2 protein chains.
Amino acid sequence: MRASDRAYGSLRADILEWRLPPGTLLAEVEQASRLGISRTPLREALSRLVAEGLTAAHSGRGVVVTAVSLAGVADLFEVRLPLECAAARLAAARGDRAAFDALAERFEAAGALISSGGTDQHAYYGLVAELDAAIDEAAANPYLVQAQRQLRTHLVRARRLARDNPDRLLASAGEHRQIAEAVARGNPELAAAAVTIHLSNSLHHLQASVPGPLDA
Amino acid sequence: MRASDRAYGSLRADILEWRLPPGTLLAEVEQASRLGISRTPLREALSRLVAEGLTAAHSGRGVVVTAVSLAGVADLFEVRLPLECAAARLAAARGDRAAFDALAERFEAAGALISSGGTDQHAYYGLVAELDAAIDEAAANPYLVQAQRQLRTHLVRARRLARDNPDRLLASAGEHRQIAEAVARGNPELAAAAVTIHLSNSLHHLQASVPGPLDA
DNA sequence: TCGGACCTTTCTGTATACATAGGTCGGCCT
DNA sequence: AGGCCGACCTATGTATACAGAAAGGTCCGA
C-alpha cells in the first residue's frame, strides 16, 4: 500500500473520531514527521481530505479541520433525504429480497439487545453501515454511491454532536428494520417513506440533544 | 495562481471538451512537460481528476480518461433527478423572485433566437449554467452544491454523445423557462415538476439520439 | 502607550534526484 | 512454432532541497 493511502486513512480516521477535533491546524512538516513519511505523500492525503470537505485550506497556514455545526447538519440532511430516498427506491426495485430480509431480522435482534441493556453502540453502527452498503450495492449506481459516501463521511462526525441514548438507539433500530423490510418487499414508495421517517427522527433527535451552538 | 490549479483547469477543460477523449493515457512526465510544469503539481492535478471520476488510476500505467457510456448517463440522471428537484424546491422556497424572473425572460429570448436560426450553442449552455448557479446560490446548501458540481461535470461530457439539434435546444429553452418561472413564483412542487419534465426529456433525447453503444 | 512598518522565521509550493515496481521485448526451451 | 522466463527500461512513488510568500514579533516613532 502507498504511503499516501496510509496517511489519508489515518488522518481521516483521526478526524472522524474527533482525535483531531475541528479547528485543529494540520501543518505539513508536523504531520509528516508524526506519521513517519515525507511531505509529498502527506500533501496528497491532505488534498483528498480538502476535496472531501473534512479539512479546508487556510491559505498560507496549512489546512484546518473543518467545523461541525448544527446548521451544517441541517444542510446535510436536506441533501441526504432525497439521496437516501432515491437509493432506497432503486434498491427496492432492483435488490435481492433475501438479503434485506436477513438485515431486517438482524435489526430486530439488535433492538432486543438494546432493550435488554446490552447496548454495543459501535456494533450497532456497524450494522447500520451494512444496511447502507447493501442499499448501495442494490441501487447499483456509482454516482449515487459516491455522493452518499461524501455525505455519510460528514454524518459520522455529526453524530458526535449528540449523545446517543438507548431510547433513540432503540427507535433507530426499529426505523432501520422498517427500511430493510420495505426494500425486501420491493416497494419503492414504502421504502422512501421509511427513509423519510428515519431521517426526520434522526435529525430531530440531533437538533433536540444539542442545546446551543457547539461548533468548535 | 498555483501551477497545480492551472494544470487541473487545463486538463479538466481538455477532457470535458473531448480534446482528451476517453481512453487517453495521461502519463506524468509527458503531461508535465506538455504543460510546462514539474511532476509534483501535475500529480496533484491528476489526483483531483481521479477523485472527480474524470480519470481512473490504471495501476502502474498512469491515469486514463474514463469512458462515457449510455448506461453511465442513465445512472447519472437517476441521481440528478432527486438532487435537481431538491435544489429547485429549496430555491423556490428561499430564492429571490426578481433574479429568476430575469432568467425566465432570458430563456424566452434565447428560445426566440434559436427559432430564428441564430443558434449560439455555447452561449445557450452558458445561460443554462447561469440558471444552475442561481439555483445553487438560492438553495444555499454547500453539500448540495458540491454534489451537483460533480454530476454536472460528467453531464458536460455526456452532452457530446448526442448531437444537439435546434428542435431540442428550443424545447430545452422552454423547459428551463418553466423551471425559472416556477422558482420565481416560489412554488417548490411546481419547480420540482418542471425539473422532472426537463430531465426526463433531456435523458430521452440523449438516449434516442445515440443509436448504439458508442463508449470509447 | 499605541500604531505602523520592517524584519525574521517558518510555512507552503515547486523542482529535481533516486529507488522500486511493473511492463515490454527478446531469447531460449520445449 | 509457441510459450515461458529473464533482463532491461521506463514510469511511478517518495524524499529532499530550494525559493517565494505570508504571518507574527519587535522596534521605532508619534
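Model, not experiment: these values are computed from the prediction. In the text below, chain A, chain B and the rest are named by the order of the sequence lines, each starting its count at 1.
Nucleotides of DNA chain D nearest to A/Pro41 and B/Ala27 differ in position, and the one nearer the 5' end is that of B/Ala27. For the pair A/Ser38 and B/Val29, nearest-nucleotide mapping onto DNA chain D gives the more 5' position to B/Val29.
At whole-Å resolution of the value, CZ in A/Arg2 and P in C/dA21 are 14 Å apart. For the pair B/Leu26 CG and D/dA11 C1', the interatomic distance rounds to 14 Å; values are reported in whole Å. Summarising the geometry, the separation between CD on A/Glu44 and P on D/dT12 is reported as 13 Å, rounded to the nearest angstrom. Put simply, CE on B/Met1 is 17 Å from C1' on C/dT12, counting in whole angstrom units. Here the P atom of nucleotide D/dG20 and the CD atom of A/Glu28 are 18 Å apart, to the nearest Å. The distance from atom CG of A/Leu25 to atom C1' of D/dA22 is 14 Å, rounded to the nearest whole Å. Nucleotide D/dA11 holds its P atom 14 Å from the CG atom of B/Leu42, rounded to whole Å.
In this structure, B/Glu52 does not pair ionically with B/Arg157, as no charged nitrogen and carboxylate oxygen lie closer than 4.0 Å. Residues B/Asp5 and B/Arg48 are paired through a salt bridge, judged by an N-O separation under 4.0 Å between the basic side chain and the carboxylate.
Proximity note for B/Arg39 (side chain, C-beta onward) versus D/dT12, D/dA15, C/dG13: the nearest is D/dT12. Listed nucleotides D/dA15, D/dT12, C/dT14 differ in distance to A/Ile37; the shortest reach to its side chain belongs to D/dA15. Listed candidates were C/dA15, D/dT16, D/dT14. Nearest to the side chain of B/Thr40 is C/dA15.
Ring planes of B/His176 and B/Phe107: parallel class, angle under 30° (limits at 30 and 60°).
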Show, in sequence, the C-alpha distance, side-chain angles and deciding distance for B/Glu181 and B/Arg177, and conclude whether the salt bridge (Lys or Arg N to Asp or Glu O under 4.0 Å) test is met. CA-CA 6 Å; B/Glu181 280 179 0; B/Arg177 185 180 51 78; 3.0 Å; yes

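No hydrogens or angles considered: a donor-acceptor pair under 3.5 Å links the side chains of B/Glu175 and B/Asn201.
Residue A/Arg61 places at least one side-chain N or O under 4.0 Å from the OP1 or OP2 atom of D/dG24.
Here B/Arg43 lies in heavy-atom contact (under 4.0 Å) with a base.
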